[in-house]
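I have placed the structure first, in the form of structure tokens, so that the comments after it can refer back to it.
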Amino acid sequence: MEHVYFDHNATTPLDEKVFEAVLPYLRGRYGNASSRHEFGTVARKAVNVAREQVAALVNVQPSQVIFVSGGTEANNLFVKGTAGYLKPTQIAVSAIEHPCVAKPAQELARQGWKLRKLAVTGDGEVDLADVDEALKEPTGIVSVMLANNETGVIQDVAAVGERVRRAKAWMHTDAVQALGKIPVDFAALNVHAMTLSAHKIYGPKGAGALVMDKRLQVRPIIHGGGHEQGLRSGTENVPAIVGFGAACELAASRLAELGPRLEKLRERLERGLHGLDAVIFGEHAPRIPNTSYFAFRGIDGETLVIELDKAGFAVTAGAACSSTSTEPSATLLAMGVEPELARGAVRFSLGAGNTPQQVDDFLRALKAVVSRLRSLTAMAV
Ligand code: PLP
């Protein structure tokens, strides 16, 4: 039986074009990008091309792109690095941030910062009135993600950024889940820094970037040979960076086609979900086109995921990329979803390779699994 992958928010398959671009750098072009000889020059040029490709996708200058190992590191670099140049005041982050923003923010709280969680509405959108409320306090750092990894809900980062600029604080967005799915323009978002990751856009694991406004002051968290403008020491992961660049170029070339195509597939899925009485989280908010997050009352999400896996479909319960815990999703709790229903949450995330047939097959399997689990629950009661 062939397994069908519907978990693209966790990670994506490496695109064939990206693979072709990376391969020479895993073989003959193995130079260290800091070396002065021909081998090094070849590697350096490849890193520079990748920097241009990443910069082009988010509309910045290449020198604003700092390569790091992925989204987690970029978020840590922003939060801890920016705090390194500020005296402790308030750090405000949305209540639905990925743990790699939420936990560094908690770390700052241990160092004397005041941590403020920004509330979200029932549809999973950051509440701008609460942002205004929070910014009445002296604030140094704000981070609000562009698209949530679980619900797919798109945040009005530009509106938050405008307020944060007025308050003279630094504004960051984690754009990991938005990149390649919707247009992402650094300047239009009103941010001082933005996090990107290669493996969510059909690139390799182990590469990402912190994109920065030139005025932002960031203290490195990894010290050494002074790579990446002194902000991220360590020999560059040239193959992964080359792949990241190629993935950005690919994303730019197919954004206009891919977004609407995935949205149609999601509509197809959600029509079926409505027929099965599913609750769809964030359904009425703007969402990235590939994501659907839903639950069935009285059915446990983990059980559903295991049964669907047996039927040949890979989806995820809660936020699998971040944790192995069985606690209900913090994002759903912040949205005011009852813990009982939140425990049922299943995330379905489409990618470039998925087809209408696969969605139909998934719905058929889901229907069978749900009615079996419902009849078991009915017997238990
Ligand atoms: N931010 C968000 C919103 C994510 O979904 C993820 C991935 O799980 C990350 C950051 C972490 O990125 P990476 O896996 O590149 O460290």
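Count residues from 1 along the sequence. Start at 1 and go down the list; that is how both ligands and their atoms are numbered.
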Per-atom contacts, ligand 1 versus [X] - under 4.0 Å to a heavy atom:
X: Thr72; answer: 11 (C), 12 (O), 13 (P), 16 (O)
X: Ser197; answer: 13 (P), 15 (O)
X: Gly70; answer: 15 (O)
X: Met145; answer: 3 (C)
X: His199; answer: 13 (P), 14 (O), 15 (O)
X: Asn149; answer: 3 (C), 5 (O)
X: Gln177; answer: 3 (C), 4 (C), 5 (O)

**Distance-only donor-acceptor check, side chains Glu38 and Thr41, under 3.5 Å** =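 No pair is found: no donor N or O on one side chain lies under 3.5 Å from an acceptor on the other.
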**Asked** Under 4.5 Å between side-chain heavy atoms, hopping through other hydrophobics if needed: is there a path connecting Met194 to Phe67?
**Response** yes
**Asked** Should the ring pair Trp170 and His192 be called parallel, tilted or perpendicular, given that the plane angle runs from 0 to 90° and is split at 30 and 60?
**Response**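 Answer is perpendicular, since the angle exceeds 60°.
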**Asked** Between Phe362 and Phe6, how do the two ring planes meet: parallel, tilted or perpendicular, split at 30° and 60°?
**Response**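 Phe362 and Phe6: perpendicular rings.
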**Asked** Taking non-hydrogen atoms only, is Cys100 closer than 4.0 angstrom to ligand 1 via side chain, backbone, both or neither?
**Response**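 Near ligand 1, Cys100 shows its side chain, while the N, CA, C and O stay back.
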**Prompt:** Of the backbone atoms (N, CA, C, O) and the side-chain heavy atoms from C-beta on, which set of Lys200 has a member under 4.0 Å from an atom of ligand 1: side chain, backbone, both, or neither?
**Reply:** side chain
**Message:** Just verifying a value: how many Å separate Asp130 CG and Lys117 NZ, rounded to the nearest 0.5 Å?
**Reply:** 12.5 Å
**Item:** Geometric N/O contact Asn9 with ligand 1, under 3.5 angstrom
**Value:**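 No, no N or O pair falls under 3.5 Å.
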**Message:** So for ligand 1, is Gly71 a polar contact partner (N or O within less than 3.5 Å, distance only)?
**Reply:** yes
**Fill in**
Residues passing the ring-ring contact (aromatic ring centres under 6.0 Å, His included) test with His199, sequence neighbours excluded, are none
**Item:** Cation-aromatic face contact Arg287/Tyr293, 6.0 Å, 45 degrees
**Value:**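 No, Arg287 does not sit over the ring of Tyr293.
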**Message:** So, applying side chain to side chain contact (heavy atoms under 4.5 Å, CB included) with Gln90, which one of Thr139, Ile141, Val142 is it?
**Reply:**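 Among Thr139, Ile141, Val142, the one meeting side chain to side chain contact (heavy atoms under 4.5 Å, CB included) with Gln90 is Thr139.
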